[in-house]
Amino acid sequence: MNYSFWADEAFISSIARQWITDRISIFTALNISGITYQKLQVLAIGIFFKFFGISEFIARLPSIIVFFIGIIIIFLLVKKLSNIYGGLVSAFLYAFSHLNLAYATQAKPYSALETITIIVILLLVYLEKEKRKLYIFLYNFLIIFLLTIATLLHSIGVLIWVLYFVYNVLTWKRSNVLTFKRSHVLTFLTLTIVAIVGYIFIIPIVLSSIGGGQLLPYNHLYQIIKLFAYKYTFISVCAFFGYVWLFKKHKTLSITILVYSVVVLFMAGFRAYIFNIRYVLSLFGIIFLYFGIFWAKVGERYDKNLKLRIKNLELTGKVIVPLTVLILLYTTGYKITRLPQAYYNPNIDKYGDVQIANYKDFYFQLKNRFPDYKNLYVVNDTLDVEYWYFGRYSNAYFIKGTTKPYKYNVGKHAMIYGSLLDFKKIIEDHPQGLLIMEDWESFLPEDIKQYVKKNLKLEFRVESLKEAPDDPWPLALYSWGTSIVK
């Protein structure tokens with residue numbers, strides 16, 4: 001899994017590497033723009049770099065480990081809510097889901113957030129029946145601890161708090177932790193922890209999300225419907241009936257999960273400027289959960305009607321039905337990966353969801369072709385992957401919408417520009433240089449792209465990842481000047 005990072009992976013990993021190699025302090029690393037909302041992810045990657053070495057695989061290792069934990073947790077959760085066979089169905093779908101595998105093999109926290117969501121739901125199930133005060137406190141403390149981790153891993157982790165808050169509202173009257181009928185130390189300690197965490201982490205994120213502007217600035221409803229109702233029709237329909245089936249038995253839990261799901265869909269569908277599957281990944285864990293419950297209940301209903309004898313072994317409906325579903329999923333390959341792959345494309349369910357350009361090969365070719373690359377004037381449109389693969393930052397960046405040039409907080413002389421006139425002036429002031437072009441609808445202004453293609457020399461292009469040749473994200477290197485030493 002040492003294939004190329006995509007931009008977000010490279011950026012966070014490069015900050016972690018600079019911290020581990022003492023290029024920057026931990027304080028600086030955690031307060032860099034673009035890192036402040038995912039501080040714990042930087043720490044996790046940095047620690048793994050410290051103990052296991054620095055590479056793309058090691059950066060992705062924390063997500064892989066947590067993903068395996070998620071497989072075990074969803075099995076235990078569905079087993080508790082239905083039976084062992086439902087647990088096996090959910091765990092199988094969770095483990096072999098191409099979407100889950102795609103995000104579990106990234107140096108990003110989305111898979112971890114999905115796992116934390118499942119763990120919190122399991123703890124709420126335990127909490128629902130618990131009567132012992134000490135255990136109630138311990139469950140609450142563990143939930144708060146996990147939710148704090150989720151919030152520090154990525155700002156969208158704050159949404160998982162909805163599960164906890166809604167559950168406590170619904171159980172207010174009978175809760176031994178949130179009621180003041182029996183005030184004791186554990187109650188006070190729990191409320192204190194919630195207040196501190198809420199003040200430090202939750203409130204700032206919520207206020208930054210809802211502050212200013214329209215309530216519904218965007219509308220991605222069509223893409224949400226397309227993803228869940230069209231791309232995952234069979235799984236979503238089964239999960240819906242699984243939810244209905246379990247509602248009567250676990251009404252509080254069901255309402256809690258429903259409210260959480262609605263909040264996540266609302267934020268991803270109407271508050272985010274672009275709809276990305278990674279922002280709703282935790283909902284897939286919930287869908288897989290109810291999918292297993294549904295088929296476990298179907299098996300129980302037809303337990304006595306379906307029988308199959310294999311030598312001395314007799315199988316009944318509660319075994320036959322889930323087993324048949326597993327066989328069908330595997331043989332058809334519906335939304336799963338049947339065999340291990342070198343690469344799991346995150347764009348399989350939504351084209352262009354992740355910009356999986358082959359930065360690794362691109363910068364390798366650049367450095368080979370221009371050995372003096374550290375001394376050249378370089379223009380780019382984003383710094384995300386530069387330090388990891390280039391070992392330096394560019395001298396200037398051109399980003400759409402920039403009306404007035406300003407200094408970037410990277411490098412010694414990095415500036416942000418937005419106009420073609422500024423680019424032409426750079427060429428005049430610097431007789432030789434390079435321009436790195438992300439040749440898709442990237443940050444680089446379109447008029448500059450067209451000017452560069454007509455007037456500068458194309459050195460080479462890297463069209464796509466070797467592991468995903470059918471999903472091109474072309475990178476191109478252009479040069480100007482005649483005295484560049486190669």
Side-chain angles (χ1 to χ4, degrees), residues 1-66 103-113 148-158 201 204-205 208 276 278 354-357 359-360 362-364 367 373-374 378 380-397 399 407-416 436 438 442-443:
M1 278 185 285
N2 278 323
Y3 47 80
S4 178
F5 280 140
W6 63 284
D8 287 7
E9 287 182 292
F11 178 64
I12 195 171
S13 299
S14 67
I15 300 302
R17 183 169 72 174
Q18 291 180 72
W19 163 47
I20 290 301
T21 55
D22 296 325
R23 299 292 182 88
I24 59 176
S25 68
I26 182 62
F27 177 80
T28 300
L30 297 181
N31 287 280
I32 291 175
S33 177
I35 297 297
T36 53
Y37 65 89
Q38 48 185 344
K39 293 181 179 181
L40 189 57
Q41 182 70 6
V42 173
L43 291 174
I45 293 175
I47 291 170
F48 270 70
F49 282 167
K50 186 73 173 179
F51 287 100
F52 304 109
I54 298 174
S55 69
E56 290 94 342
F57 172 73
I58 297 301
R60 291 162 174 149
L61 190 56
S63 291
I64 297 170
I65 294 173
V66 178
Y103 283 98
T105 51
Q106 291 184 18
K108 293 293 289 178
Y110 306 111
S111 181
L113 295 179
T148 303
I149 289 177
T151 306
L152 291 174
L153 280 173
H154 197 286
S155 59
I156 63 172
V158 74
F201 301 116
I205 294 175
S208 66
N276 291 119
R278 54 186 178 270
V354 178
Q355 296 76 40
I356 52 171
Y359 295 104
K360 188 174 186 176
F362 175 83
Y363 282 102
F364 178 79
K367 290 188 286 187
Y373 65 91
K374 289 189 177 181
V378 180
N380 204 340
D381 68 345
T382 176
L383 61 84
D384 290 357
V385 303
E386 285 184 323
Y387 191 86
W388 183 267
Y389 289 120
F390 202 25
R392 57 160 287 187
Y393 292 111
S394 294
N395 303 90
Y397 300 88
I399 299 177
K407 190 171 182 178
Y408 217 175
N409 61 345
V410 298
K412 294 182 179 179
H413 306 289
M415 293 291 294
I416 301 290
I436 298 168
E438 295 176 328
S442 59
F443 292 113

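Below, all heavy atoms of this structure are taken into account, side chains as well, without hydrogens, waters or symmetry copies. Everything numeric here is computed off the predicted structure, so don't read it as measured data.
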S.K.: In Å and rounded to the nearest 0.5 Å, what is the OG1 to CG distance from Thr105 to Leu61?
M.R.: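 Answer for the OG1-CG pair, Thr105 versus Leu61, is 12.0 Å.
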
S.K.: At what distance, to the nearest 0.5 angstrom, does CD1 of Ile64 lie from CD of Gln106?
M.R.: 11.0 Å

S.K.: Return each pair, listed once, that meets ring pair (Phe, Tyr, Trp, His ring centres under 6.0 Å) where at least one residue sits in residues 39-66; pairs must be two or more places apart or across chains.
M.R.: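 As it turns out, the ring pair (Phe, Tyr, Trp, His ring centres under 6.0 Å) pairs with a partner in residues 39-66, which skip direct neighbours, are Phe48-Phe52, Phe49-Trp388.
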
S.K.: When the ring planes of His154 and Tyr37 are compared, do they come out parallel, tilted or perpendicular, using 30° and 60° as the limits?
M.R.: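 Judged by the thresholds at 30° and 60°, the geometry between His154 and Tyr37 is perpendicular.
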
S.K.: Measuring from atom CD1 of Ile32 to atom CD1 of Ile12, what distance do you get when rounded to the nearest 0.5 angstrom?
M.R.: 11.0 Å

S.K.: What pairs with Ile399 under side chain to side chain contact (heavy atoms under 4.5 Å, CB included), at least two apart in sequence or on another chain?
M.R.: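 Counting only residues at least two positions away or on another chain, Ile399 forms a side chain to side chain contact (heavy atoms under 4.5 Å, CB included) with Thr402, Ile416, Phe443.
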
S.K.: Could I get the full list of side chain to side chain contact (heavy atoms under 4.5 Å, CB included) partners for Ala44, not counting sequence neighbours?
M.R.: none

S.K.: Nearest 0.5 Å please: distance from the CD atom of Gln41 over to the CG atom of Asp8.
M.R.: 11.0 Å

S.K.: How close do Ala107 and Ala59 get, counting heavy atoms only, and between which atoms?
M.R.: CB-O, 3.5 Å

S.K.: Can you find a pair of side-chain heavy atoms, one from Phe362 and one from Ile436, that are under 4.5 Å apart?
M.R.: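 Contact flag for Phe362/Ile436 side chains = yes.
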
S.K.: Which heavy-atom pair separates Gly53 from Ile58 by the least distance, and what is that distance?
M.R.: O-CG2, 3.3 Å

S.K.: So, Tyr389 side chain and Ala10 main chain: donor-acceptor pair closer than 3.5 Å or not?
M.R.: no

S.K.: Quick one: closest heavy-atom pair of Leu153 and Ala112, and the distance?
M.R.: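 Minimum heavy-atom separation between Leu153 and Ala112: CD1-CB, 4.0 Å.
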
S.K.: Which residue pairs satisfy the salt bridge (Lys or Arg N to Asp or Glu O under 4.0 Å) criterion with at least one member in residues 381-390, sequence neighbours excluded?
M.R.: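 Salt bridge (Lys or Arg N to Asp or Glu O under 4.0 Å) check on residues 381-390 returns no pairs.
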
S.K.: Are the side chains of Tyr397 and Leu383 in touch, meaning some heavy atoms are under 4.5 Å apart?
M.R.: yes

S.K.: Excluding sequence neighbours, so at least two apart, what forms side chain to side chain contact (heavy atoms under 4.5 Å, CB included) with Lys367?
M.R.: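 So Lys367 forms a side chain to side chain contact (heavy atoms under 4.5 Å, CB included) with Tyr373, Phe390.
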
S.K.: Thr28: which residues meet the side-chain hydrogen bond (donor to acceptor under 3.5 Å, both in side chains) condition with it, sequence neighbours left out?
M.R.: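 Listed in chain order: Ser25.
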
S.K.: Using side chain to side chain contact (heavy atoms under 4.5 Å, CB included) as the criterion, list what pairs up with Val354, not counting sequence neighbours.
M.R.: Trp6, Tyr103, Arg278, Pro346, Asn347, Ile356

S.K.: Output all residues satisfying salt bridge (charged side-chain N to carboxylate O under 4.0 Å, His left out) with Glu438, sequence neighbours left out; order by chain, then residue number.
M.R.: none

S.K.: Closest approach of Ser13 and Ile45, non-hydrogen atoms and distance?
M.R.: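 Scanning both residues completely, I find the closest heavy atoms to be OG-CD1, 4.2 Å.
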
S.K.: Please find the pair of heavy atoms, one from Lys108 and one from Ser63, that lie closest to each other, and give the distance.
M.R.: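 Here Lys108 and Ser63 meet closest at O-OG, 2.8 Å.
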
S.K.: Taking all non-hydrogen atoms of both residues, which atom of Ser394 and which atom of Asn380 are closest, and how far apart?
M.R.: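 Ser394 and Asn380 have their closest heavy atoms at OG-CB, 3.4 Å.
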
S.K.: When rounded to the nearest 0.5 angstrom, what distance separates CG in Leu40 from CG in Leu30?
M.R.: 9.5 Å

S.K.: Does anything in residues 20-46 pair up under salt bridge (Lys or Arg N to Asp or Glu O under 4.0 Å), and if so which pairs, sequence neighbours excluded?
M.R.: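 Applying salt bridge (Lys or Arg N to Asp or Glu O under 4.0 Å) to every pair that reaches into residues 20-46, excluding sequence neighbours, yields nothing.
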
S.K.: Got a sec, which residues hit ring-ring contact (aromatic ring centres under 6.0 Å, His included) with Phe11, two or more places apart in sequence or on another chain?
M.R.: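 For Phe11 there are no ring-ring contact (aromatic ring centres under 6.0 Å, His included) partners, ignoring immediate neighbours.
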
S.K.: Which residues pass the salt bridge (charged side-chain N to carboxylate O under 4.0 Å, His left out) test with Arg60, sequence neighbours left out?
M.R.: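 Counting only residues at least two positions away or on another chain, Arg60 forms a salt bridge (charged side-chain N to carboxylate O under 4.0 Å, His left out) with Glu9.
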
S.K.: Please assess Leu43 against Leu152 for the test side-chain contact (heavy atoms from CB on, under 4.5 Å), listing each intermediate value before the final yes or no.
M.R.: CA-CA 10 Å; Leu43 291 174; Leu152 291 174; over 6 Å; no

S.K.: Got a sec, which residues hit ring-ring contact (aromatic ring centres under 6.0 Å, His included) with Tyr359, two or more places apart in sequence or on another chain?
M.R.: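 By the ring-ring contact (aromatic ring centres under 6.0 Å, His included) rule, Tyr359 matches no residue at all.
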
